[in-house]
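Each chain gets a letter, A, B and so on, in the order its sequence line appears, and its residues count up from 1.
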2 protein chains.
Amino acid sequence: MATIKDIAQLAGVSLATVSRVINQTGNVSPALREQVLAAMETLNYQPNAPARSLRRRETRLIGLLIPQLNHPFFGTLAYAIERFLFAEGFRILVCSAEEDADREVEYTQLLTRQRVDGAIVAPTGLALDWAKYFVHANIPIVLIDRNLPDIAASRVMVDNWQGGYQGAMHLVELGHRRVGLISVSRHSQAIRERLQGAMQALHEHNVAYEVYEPSVETLQQYDLGFQAALKLLSQQPRPSAIFALTDVAAIGVMHAAVSQGLAVPSQLSVIGFDGIELGAYLIPALTTVAQPIEQLGYKAAEVLLRRVGRVQAEHEHIVLPTQLIVRASTSMPLLAE
Amino acid sequence: MATIKDIAQLAGVSLATVSRVINQTGNVSPALREQVLAAMETLNYQPNAPARSLRRRETRLIGLLIPQLNHPFFGTLAYAIERFLFAEGFRILVCSAEEDADREVEYTQLLTRQRVDGAIVAPTGLALDWAKYFVHANIPIVLIDRNLPDIAASRVMVDNWQGGYQGAMHLVELGHRRVGLISVSRHSQAIRERLQGAMQALHEHNVAYEVYEPSVETLQQYDLGFQAALKLLSQQPRPSAIFALTDVAAIGVMHAAVSQGLAVPSQLSVIGFDGIELGAYLIPALTTVAQPIEQLGYKAAEVLLRRVGRVQAEHEHIVLPTQLIVRASTSMPLLAE
DNA sequence: TACGCTGCAGAAAACGTTTACAAACTTTTT
DNA sequence: AAAAAGTTTGTAAACGTTTTCTGCAGCGTA
């Protein structure tokens with residue numbers, strides 16, 4: 001590939017001049033500028049980013065460390081972030097840690113080696129092993145979706161506790177007296193907070209509830225909701241509503257209900273959490289506690305960019321509200337028992 | 001951040017020796033190796049990837065250029081590719097071109113500047129503007145999901161025509177005599193091939209069909225299927241089955257049917273295309289022509305890696321089979337008219 | 001005429017690696 | 001014991017940029 005040197009030679013100028021033309025920095029006479037531009041054109045010149053990064057000590061690369069790319073929530077999140085950063089002249093390096101702390105560390109090392117200018121991370125669990133690499137490399141990070149208490153970083157997230165409370169209250173208000181809750185027992189701070197909020201609401205209103213929390217790393221699996229619902233529905237008396245702390249799990253729940261011959265919502269109300277686009281197109285359409293997913297992404301990117309380059313900037317802690325979206329998968333319980 | 005120089009100083013050896021230890025190349029005595037390793041440890045050394053890329057003339061970065069990250073098909077595809085490449089020591093730079101030819105070009109430039117070792121691209125349309133950048137930079141690419149005739153590259157895809165034929169035949173065999181087809185009129189070679197295959201099957205068996213193809217760039221939108229179905233269902237006589245050339249569109253179709261008071265599948269059969277995981281969890285579960293999405297991703301990555309570094313390697317053209325998955329959204333049509 | 005500006009361009013150093021080459025030892029072979 | 005071969009280490013050049021510094025015109029002012 002052509003280098004700046006080739007251009008200089010062809011245009012009959014020095015390296016410095018070419019560089020000045022490329023970066024529109026310093027003064028260069030119109031005549032020479034034209035020559036250089038022409039030379040770039042004929043040689044199909046594209047600047048060498050690694051060389052530039054080396055010299056400038058910035059890469060314009062942002063690391064995005066998330067658990068999974070292939071599920072709606074993280075997919076839209078990644079997409080939103082990507083769009084925002086692209087517009088600002090940054091590219092993203094995507095890493096899906098698969099809810100595995102080891103991979104998380106491995107990826108973090110990769111990102112620091114790559115000298116990314118910053119990183120947006122949705123931590124897998126409570127493990128903090130990865131964080132020290134960023135700290136040491138002095139790479140600013142923002143935490144998204146999941147809160148981690150002991151780490152000096154900006155945060156952008158939703159009030160999960162409140163969301164859980166909100167979702168449960170919807171069921172309470174509909175008159176449900178026996179509710180199933182689907183969570184996960186390991187990691188995922190966010191989901192546990194939702195659970196706390198939901199339990200609080202149910203407790204306050206004397207509604208019986210049963211929590212099912214399989215010991216897995218992620219609730220973003222259809223089948224998990226399916227299996228969990230099967231368990232909950234086999235109880236006597238069975239719950240008249242299930243609150244799955246993830247939309248994806250809620251979809252599994254609806255499927256399980258139908259497979260057991262229970263109609264949604266008449267025999268079983270189902271409510272999810274996340275607000276993925278798909279929810280509106282399910283049959284019945286899914287009632288859910290929606291997060292402003294795209295906004296979450298934009299905000300995170302924005303907050304991060306405010307910190308890259310500047311050392312002194314304060315850590316920001318942004319909390320966005322959840323919104324209850326009532327659709328067709330919840331209704332009043334049948335009176336009969 | 002610590003550099004190789006700092007390590008050398010601390011360990012009391014030369015730069016070359018440190019480099020040899022890091023890369024496990026050449027011979028270095030056990031004693032010195034230990035010292036170097038210790039120094040790296042205490043300084044928290046992480047090699048500078050841009051510098052290394054500059055010198056080695058390889059980045060171990062692969063560009064992934066796809067239309068959208070936020071929809072199930074491309075999400076799983078990206079995820080599969082990412083996993084495969086990670087295991088081989090490559091990272092991916094994700095670019096979602098949003099079905100926009102300009103952005104596609106812009107992204108391609110970015111990738112060549114970044115000196116990626118290769119790229120996997122699902123082209124937006126028939127425009128080839130982007131291709132020349134890769135060619136000029138001598139960056140190997142593999143085309144995925146979408147075929148582009150006039151371009152020298154490896155390809156990994158599914159036999160879309162055959163898949164379309166297969167899906168339509170399913171409806172024919174069930175006894176449908178009037179079928180609606182949902183496609184898109186612009187771009188997307190793959191989807192047009194599916195349409196051709198489906199029309200051929202219907203034609204061969206004298207089944208009446210109506211094609212609805214909105215003039216948009218992507219069929220990966222729930223609402224598109226919804227709107228299209230509304231149009232098709234307003235016809236008299238109305239079709240007893242709809243074949244949506246994308247699962248996402250099919251979901252929109254099912255929703256539209258219900259909103260019109262039509263039961264799926266008894267009053268309207270719906271079949272999709274893609275085989276996204278979600279399909280199995282819909283109510284009713286979606287019949288679809290499935291692509292081996294993950295395999296598509298693995299294969300593409302594998303084929304690409306065979307070409308990076310080596311100049312002479314042949315272009316490969318891999319076609320994977322589609323598979324009809326019959327679930328609950330299709331059935332025989334009602335006899336009454 | 002002498003002086004200091006200003007605008008423009010080039011030389012050269014630097015960024016952090018890898019690697020070809022050479023030098024200094026060791027070991028083996030004759 | 002000398003020569004040959006091998007092992008271990010260091011020096012320095014190179015990768016493609018950006019940027020500091022310096023120099024040279026040309027110009028206005030005193």
Side-chain angles (χ1 to χ4, degrees), chain A residues 1-37 39-40 43-61 110 112-117 136-139 309, chain B residues 1-37 39-40 43-61 110 112-117 136-139 309:
Chain A
M1 287 218 61
T3 75
I4 218 178
K5 209 165 161 184
D6 303 320
I7 311 273
Q9 208 159 350
L10 182 59
V13 301
S14 75
L15 299 189
T17 303
V18 178
S19 178
R20 279 189 275 256
V21 171
I22 293 173
N23 298 292
Q24 308 184 36
T25 159
N27 292 317
V28 23
S29 68
L32 286 196
R33 153 167 287 114
E34 279 315 310
Q35 287 175 47
V36 170
L37 255 20
M40 282 171 54
L43 293 182
N44 269 290
Y45 175 73
Q46 296 288 351
N48 181 313
R52 177 179 280 181
S53 295
L54 174 58
R55 173 63 222 222
R56 283 222 186 126
R57 310 170 129 267
E58 66 167 29
T59 55
R60 307 231 104 201
L61 246 36
L110 281 180
T112 62
R113 292 216 238 279
Q114 210 62 235
R115 299 292 191 270
V116 293
D117 291 342
H136 231 98
N138 199 26
I139 293 175
Chain B
M1 287 217 62
T3 74
I4 218 180
K5 208 164 161 183
D6 302 320
I7 311 274
Q9 209 159 349
L10 183 59
V13 300
S14 75
L15 298 189
T17 302
V18 177
S19 178
R20 279 189 275 255
V21 170
I22 293 171
N23 298 291
Q24 307 184 36
T25 156
N27 292 317
V28 23
S29 69
L32 285 195
R33 150 166 289 114
E34 279 315 310
Q35 288 176 46
V36 171
L37 254 21
M40 283 171 53
L43 292 182
N44 270 291
Y45 175 73
Q46 295 288 352
N48 181 312
R52 178 180 279 182
S53 294
L54 174 59
R55 174 63 222 224
R56 284 219 188 128
R57 310 170 130 266
E58 67 165 29
T59 53
R60 308 232 102 199
L61 245 36
L110 281 179
T112 62
R113 292 216 238 279
Q114 209 61 236
R115 299 292 193 269
V116 293
D117 291 343
H136 230 97
N138 199 27
I139 293 175

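- Not a single donor-acceptor pair under 3.5 Å links the side chain of R57(B) to the backbone N or O of L54(B).
- Note on Y45(A): every side-chain N or O is 4.0 Å or more away from OP1 and OP2 of dG16(D).
- Rounded to an integer number of Å, the gap from R33(B) CZ to dT8(D) P is 10 Å.
- For T59(B) against P50(A), the heavy-atom pair with the smallest separation is CG2-CG, 4.2 Å.
- Within residues 1-9 of chain A, no residue has any heavy atom closer than 4.0 Å to DNA chain C.
- Among N23(A), I22(A), V21(A), the one residue that satisfies the side-chain contact (heavy atoms from CB on, under 4.5 Å) test with T25(A) is N23(A).
- Partners of E58(A) according to the salt bridge (Lys or Arg N to Asp or Glu O under 4.0 Å) rule, which considers only residues two or more places apart in sequence or in another chain, are R60(A).
- One can place CG of L43(A) at 14 Å from P of dG16(D), the figure rounded to the nearest angstrom.
- Heavy-atom distances under 4.0 Å link DNA chain D to V13(B), S14(B), A16(B), T17(B), R20(B), N27(B), V28(B) of residues 11-28 of chain B, given in residue order.
- Scanning all heavy atoms of the two residues, the minimum distance from M1(A) to A137(B) falls at SD-CB, 3.5 Å.
- The minimum heavy-atom distance linking L43(B) with A2(B) is given by the pair O-CB, 3.8 Å.
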Exercise. Check step by step if side chain to side chain contact (heavy atoms under 4.5 Å, CB included) holds for M40(B) and V36(B).
Key: CA-CA 6 Å; M40(B) 283 171 53; V36(B) 171; 4.1 Å; yes
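- Atom CD1 in I4(A) sits 9.5 Å away from atom OG1 in T17(A) (nearest 0.5 Å).
- Nearest heavy-atom pair, T3(A) versus Y45(A), reported as atom, atom and distance to 0.1 Å: C-CE1, 3.8 Å.
- Looking at residues 50-58 of chain A, you'll see L54(A), R55(A), R57(A) sit with a heavy atom under 4.0 Å from some atom of DNA chain C.
- Note: CG (L32(A)) to C1' (dG7(C)) measures 13 Å, nearest angstrom.
- For V28(A) against R33(A), the heavy-atom pair with the smallest separation is O-NH1, 3.5 Å.
- Closest of all the heavy-atom pairs between L61(A) and Q114(A) is CD2-CG, 4.2 Å.
- Using modelled atom types, no side-chain atom of S19(A) and backbone atom of L15(A) make a donor-acceptor pair closer than 3.5 Å.
- Protein atom CD of Q46(A) is 15 Å distant from nucleotide atom C1' of dT17(D), rounded to whole Å.
- The side-chain hydrogen bond (donor to acceptor under 3.5 Å, both in side chains) check on Q35(B) picks up nothing, with sequence neighbours excluded.
- In this structure, M40(A) atom CE and dT17(D) atom C1' are separated by 13 Å, rounded to whole Å.
- The terminal axes of the helix from dT1(C)-dA30(D) to dT30(C)-dA1(D), fitted over 5 pairs per end, subtend an angle of 50° to the nearest 10°.
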